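Predicted, not measured: the structure shown is a model, and the values here were computed from it.
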Amino acid sequence: MSWEPSMISLAPEDFIVEGLAELLSKAGFKETRREYKRRGKAHLVIVTGEREDPFQGKETLAVALLRGKPPESWLHKALRGEDKTFLVALDGLEYNLEGVNVLSPDWLAETFNRYAIEPPRTLLEKFLPREYEEEGVLKEFILDGPLVEPLSSKKLVDEAKNVISYKYGVSREETRLKELRLEFRPVYVVSWVRESDSGKAFVDGERVVLKTEGELKGLAMKVLLEDVATVLATEIRLKEGEDPRKFVVEEAAKREWLDLRVVHSRKAYVPESAVAVFSMGPNEATVVFDFKRGRVSAEAEPLSEERLTELARDAVRAEIGEEPLSIEVVRRGRFTVMRGKTERYLFEVELNSYSGSLRRFHPALTEEAMFGVVLSKYDGARVIGVERRSNAVFIDLLTEKGVLTVKLDQRTGNILETSNLGAPIEVLRRVAGDIVEVAKNLELKTCHVIDHGIVKAEFEGEGFRASITYEGETGRVLEGDLEIEKNIAVEVALRKYRGFAPIFIEESEEGFTVTLEGDRNVVKVFVSRSGELMELDRFLKKEVVEEIALSKIREVEPSPSIEGLKLSDHWEVEFTGVKAFGRLTIHRTSGEVLDFDYQYIESTIAKSFEEFIRTTYGDSIEVEWVAHNIEEGYAGIKGIGRRGIYFGKYNTLTGELIEHDFIPGSGIASKIKLAQLEGKYAVK
C-alpha cells in the first residue's frame, strides 16, 4: 500500500522522522545530529546531515518535521544556523521563513513513495478492514499513554491461529476467535533538571536509566511526543506501577546529585502478555503470548479414543466397502493413526485428534504379498525394516552388497524405486581405519534404517565394538562410536611405530598407555577407547645414551667409566676415569650433548707437576700432598726434590698450571717462606 497525504498526519512521529533520515541518507548525507524541541503544543524534530562535495567542500542539509503552529520568532530561531533547511509542516504554516523551504504532507507522501519508504503495518491496519472488530468479538480500548512497542491484535490472532495449526494440525478455517485478553506494564519517562544539566530518565520497574542516550534517547522522545494508544481486545489489564519520581530521586542520590529536580513524567505501556481463546469444532484452544520471555504456548484437549475409533470405522466402510475385522490405535499426537485389516486389505486411517476430521485413508495389500515380491528379486536378502505410507510401502533390505530401500506400490506390489544406501563395513573402514584390519572375527551384529535414508549399524569383534550412523545417499557419517580393548590398542600402536615392541601396558577408564621400545628409542603413547593415538613421551634408550656419552668423554678421558645414568628432563650422565671425572647432559630424544662438565683427578695433576719440575728445574720430586677444591675447579700441590721444595696451582677443568713457587735451601728465611706458601697452596 502506498502513502497518502492523510496517512502522513496519522503516522507515528518517530517513523516520519526516521523516514526523513533515510531520505538524507539516500541523498548522500550522513546524519550528524537529531534535535527534539517543543513550544506549547508544537513539536519540532530536526535531523541534520553532512556530505563532502568535490566542488563546494563540506555541505550541510537539515530536514525538519513540525506538528502544530508555533510563533514565527521561535521557529525562525530554532531553525537558524543551517546552510539549507527543508521543513515539513504537518499542520500548515501561515507565514514565510527566510532561507527555509516549507513542504506539505502531499510532497512528503509522494517522496516516500518515490524512494520506496513503506508505511508501517500498524498504520496500514487503520486503513484496512477490521475483520475481528466487525465480527463483534473485539472492541477498542484507549490507554492513558502511548505504547513503547507496537501491538497488532490482528497479527496476534493470525499468529495464534498459526500456532494452533502447527501444534494441533487444525486448519485456520476450523478456528474462530472467542476472546483476546491483553496485559500491559507501565514504564515512565521522567524529565529532570539540575543547576548545570538536564535530561530524561527511563524507569522500568526498579530499573532506572538516569540519562538516556542513543536508541533509548529516541525511545524517550517517542514516549513524550506520541499520543495515547488504542488497542483491540475483549479485555485488558493494566499493571500498577510505583511513583517513578521516587526511583529517579533515589538513583540521583546514589550519584550525589542532590540538586536534581523532577520536572515532568509521562507514562507509557509495554505489552507483557496476551491470551487468545479459539473455538475449533466442539473443542477450545488457548494460546498464551509471554512477551517478556518471548514465548508462545498453546493448550487444547484431544477427542476421546472411543470417538476417534468410531470415526475411523465409518471411513473404512466408505472407502473400500468392507467391514473392519480389527482396528487399533497405534499413535496419538496431533493426529491419531489407527491400523487394522479387512478380509483383503490392511488399512491405516489418520484423523485429527482435536477436530476428528479425516486427514488420510490408506489401504494396502498384506505384508506377506509385499515380501514375496521383494525377496524373489533379491535372493538371500534380509528384511530389516518396513514402513507403510499413504502412497507406497518402503522395505529396507540387508544384502551381501549393502543396504537397500525398495519402494513399492501398496495396491499393486510393483517396485517403484530402489535406493542403494551403501555398505556399512565400507563406512566403518573410513571411520576406524586400520582398526578394522586389526580386529579379528569382525561381524555386523545389528543394522537398521532410519526414515529410509539413515543407516545405523553395530559391529563386534575380538576386543572391538563399533556403532556408526551415516547418510545412505552421501555416505556422510553422522555418528561414530568405537570402543577397543587392550589387544587392539597395542596393535594400533605397533602399526604406527613399525619396528618397536611393547614393554609395558597400563589401562585406565579413558584408554591405554603403551610403552614401546625400538632400536634407539623408547616411546610412550596413549590409545583412547575410540582408537585415537597420541604420543606422550619419547626418549633415547639407556645403552644408546651410554654410547653417545662414552664417545664424548673419550675426548678428555681415555678410559672412562659410567658411574651414574638417570633420565630427568634430559639424560644426566656421571663418569670417572684415570685422568678426569665429571658429568654430561644429553638431550632425551636427539642425543645432542647439551652440557659437558669435567675435572682432572689428583693423580693426573701429580704426574703433570712431576713432569713440569723435571723439564723446568731438572729435578725429581716426591709429591707430598695434593689439595683439590672441586667446587672452585682448581688444586694446590706440594713436592719435595733434591734442590728444594716446589709448590703449584692447577686449573682442574683444563689441566693448566696457573702458578708455581720454589723454595731452595733450609735457612730461617726459607722456613718463613715455606709457611707462607703452605697456606697459599693448601687450598680447601
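Interatomic distance, CD of Glu387 versus CD1 of Ile450, reported as 12.0 Å (0.5 Å rounding).
Side chain of Tyr470 to backbone of Leu421: a donor-acceptor contact under 3.5 angstrom is found. The backbone N or O of Gly333 lies less than 3.5 Å from a partner atom in the side chain of Ser353, making a donor-acceptor pair. Between the side chain of Asp290 and the backbone N or O of Arg293, at least one donor-acceptor pair lies under 3.5 Å. Put simply, the side chain of Ser376 gets close to the backbone of Val373: a donor and an acceptor are under 3.5 Å apart. A donor-acceptor pair under 3.5 Å is absent between the side-chain atoms of Ser165 and the main chain of Lys161, judged by distance alone. No donor-acceptor pair under 3.5 Å is formed between the side chain of Asp409 and the backbone N or O of Ile415. Judged purely by atom type and a 3.5 angstrom limit, Thr234 has no side-chain atom pairing as donor or acceptor with the backbone of Glu179. Using a distance-only test at 3.5 Å, with no hydrogens or angles considered, a donor-acceptor pair links the side chain of Lys167 to the main chain of Ala298.
Minimum heavy-atom separation, Pro271 to Leu151: CG-CB, 4.2 Å. Residues Leu303 and Arg332 come closest through the heavy atom pair O-NH2, 2.8 Å. The minimum heavy-atom distance linking Ile488 with Glu462 is given by the pair CD1-O, 3.6 Å.
Within the structure, side chain to side chain donor-acceptor pair (under 3.5 Å) pairs that include any residue of residues 295-316 comprise Asp314-Arg317 (at least two apart or interchain). Sorted by first then second residue, the side chain to side chain donor-acceptor pair (under 3.5 Å) pairs that include residues 394-407, not counting sequence neighbours, are Asp396-Thr405, Asp396-His452.
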Check your understanding: Would Glu350 and Arg359 satisfy salt bridge (Lys or Arg N to Asp or Glu O under 4.0 Å), going step by step from the backbone distance to the final call?
Key -> CA-CA 5 Å; Glu350 188 172 14; Arg359 186 180 187 227; 3.0 Å; yes

Point to revise | Candidate pair Thr474 and Glu471, rule side chain to side chain donor-acceptor pair (under 3.5 Å), full reasoning | key: CA-CA 6 Å; Thr474 64; Glu471 287 183 346; 2.7 Å; yes

Review point. Should Val330 and Met338 be marked as a side chain to side chain contact (heavy atoms under 4.5 Å, CB included) after you check the CA-CA gap, both sets of side-chain angles, and the distance that decides it?
Key: CA-CA 6 Å; Val330 294; Met338 285 165 280; 6.0 Å; no

Check your understanding: For Glu183 and Arg237, what are the C-alpha separation, side-chain angles and deciding distance, and is it a salt bridge (Lys or Arg N to Asp or Glu O under 4.0 Å)?
Key -> CA-CA 5 Å; Glu183 184 175 41; Arg237 178 187 172 194; 2.8 Å; yes

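Salt bridge Asp158/Lys155: absent, no basic N to carboxylate O contact under 4.0 Å. A salt bridge is defined here as a Lys NZ or Arg NE, NH1 or NH2 lying under 4.0 Å from an Asp or Glu carboxylate O, and Arg529 with Glu507 meets this definition. Between Arg465 and Glu483, at least one side-chain N (NZ, or NE/NH1/NH2) sits under 4.0 Å from a carboxylate O, which counts as a salt bridge. We find that Asp451 and Arg389 are joined by a salt bridge, their nearest charged nitrogen and carboxylate oxygen being less than 4.0 Å apart.
Heavy atoms from other residues, nucleotides or ligands lying under 6.0 Å from CD of Glu426 number more than 12.
Geometrically, Arg334 does not engage Tyr168 in a cation-pi contact defined by less than 6.0 Å to the ring centre and at most 45° from the axis.
Between Tyr269 and Phe184, the angle of the ring planes goes over 60°, which puts this pair in the perpendicular group of the 30/60° scheme.
Side-chain contact of Glu284 with Ser279: a donor-acceptor pair under 3.5 Å is absent, judged by distance alone.
Within the 4.5 Å cutoff, the side chain of Pro424 has heavy atoms near those of the Val403 side chain.
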